[in-house]
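Both counts, for ligands and for their atoms, begin at 1 and track the order of listing. These values consider heavy atoms only, across backbone and side chains, with no hydrogens, waters or symmetry-generated copies.
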Amino acid sequence: MTLRLGDTAPDFKAETTQGPISFHEWKQGSWAILFSHPADFTPVCTTELGRVAGLKAEFDRRNTKVIGLSVDTLQQHEQWKGDIAEVTGHALNFPLIADHDRHVSDLYDMVHPNANATLTVRSVFIVDPANKVRLTLTYPASTGRNFDELLRVLDSLQLTDKHKVATPADWEHGQDVIVAVGLSDEEAQKLFPGFETKKPYLRLTPDPSK
Ligand code: BEZ
């Protein structure tokens, strides 16, 4: 099934390195990042999982739970865990789904047969507390993902859910933001006094969360 932004992220039950979970119950009240990697005991994946483990405090600060997935078995995940800790210095501190029967991979369309017939690609889904899909990303097996970018997207989503703003190219938390196009100048003046007009459709204001 192809998932689009705004769709409800399908619920599922799965075996993980932290025991069996029901996805919606597990993430209840939180944001979640569900991401797949092609296979255990592979180099790029080892670096990715260590990086995610090292960012735990950043995800926690954003009320976000992370959960990984591949079509390997629980036993393989357990054996691989030691390598991740040894190589990256970060022990796995989030659940890894053992999707041996491809139940979750198929639900989330994580196997792209023309890229690889059996392995998952590097998919990412950001899911909000209401279980809506807010970001989808697909990377090839040969390219490790930039997890700082996922933190940046979380910052943008959480800010723009709360305030009538959008975030410009390469925006980072704390930088100026764009006044929502749907606001008239009068409405914008009340919410963001002194905003700067670059063009009638491009108005800037300081990050309202600061
Ligand atoms: C890797 O993680 O390095 C990898 C995994 C599957 C295919 C190619 C590379």
- side chain to side chain donor-acceptor pair (under 3.5 Å) with D155: which of R61, H173, R62?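 Of R61, H173, R62, side chain to side chain donor-acceptor pair (under 3.5 Å) with D155 is met by R62 alone.
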- Query: How would you list, by chain and number, every residue that makes a side-chain contact (heavy atoms from CB on, under 4.5 Å) with D161, sequence neighbours excluded?
  - Reply: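 side-chain contact (heavy atoms from CB on, under 4.5 Å) check on D161 returns W31, R134.
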- Is there side-chain contact between F23 and K13, with heavy atoms separated by less than 4.5 Å?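 Side chain of F23 against side chain of K13, heavy atoms only: no contact under 4.5 Å found.
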- Tell me whether the centres of the aromatic rings in F35 and F125 are closer together than 6.0 Å.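 Between F35 and F125, the centre distance exceeds or equals 6.0 Å.
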- Linking Ile, Leu, Val, Met, Phe, Trp and Tyr through side-chain heavy atoms less than 4.5 Å apart, which residues share a cluster with I178?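 Its cluster partners, ordered by chain and number, are Y201, L202, L204.
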- Message: Holding to side-chain hydrogen bond (donor to acceptor under 3.5 Å, both in side chains), I want the full list of residues that pass it with K162, two or more places apart in sequence or in another chain.
- Response: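 For K162, no residue satisfies side-chain hydrogen bond (donor to acceptor under 3.5 Å, both in side chains) once neighbours in sequence are set aside.
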- For ligand 1, the residues whose heavy atoms come within less than 4.0 Å (ordered by chain, then number):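 Shell around ligand 1 (4.0 Å, heavy atoms): P38, T42, P43, V44, C45, R122, A141.
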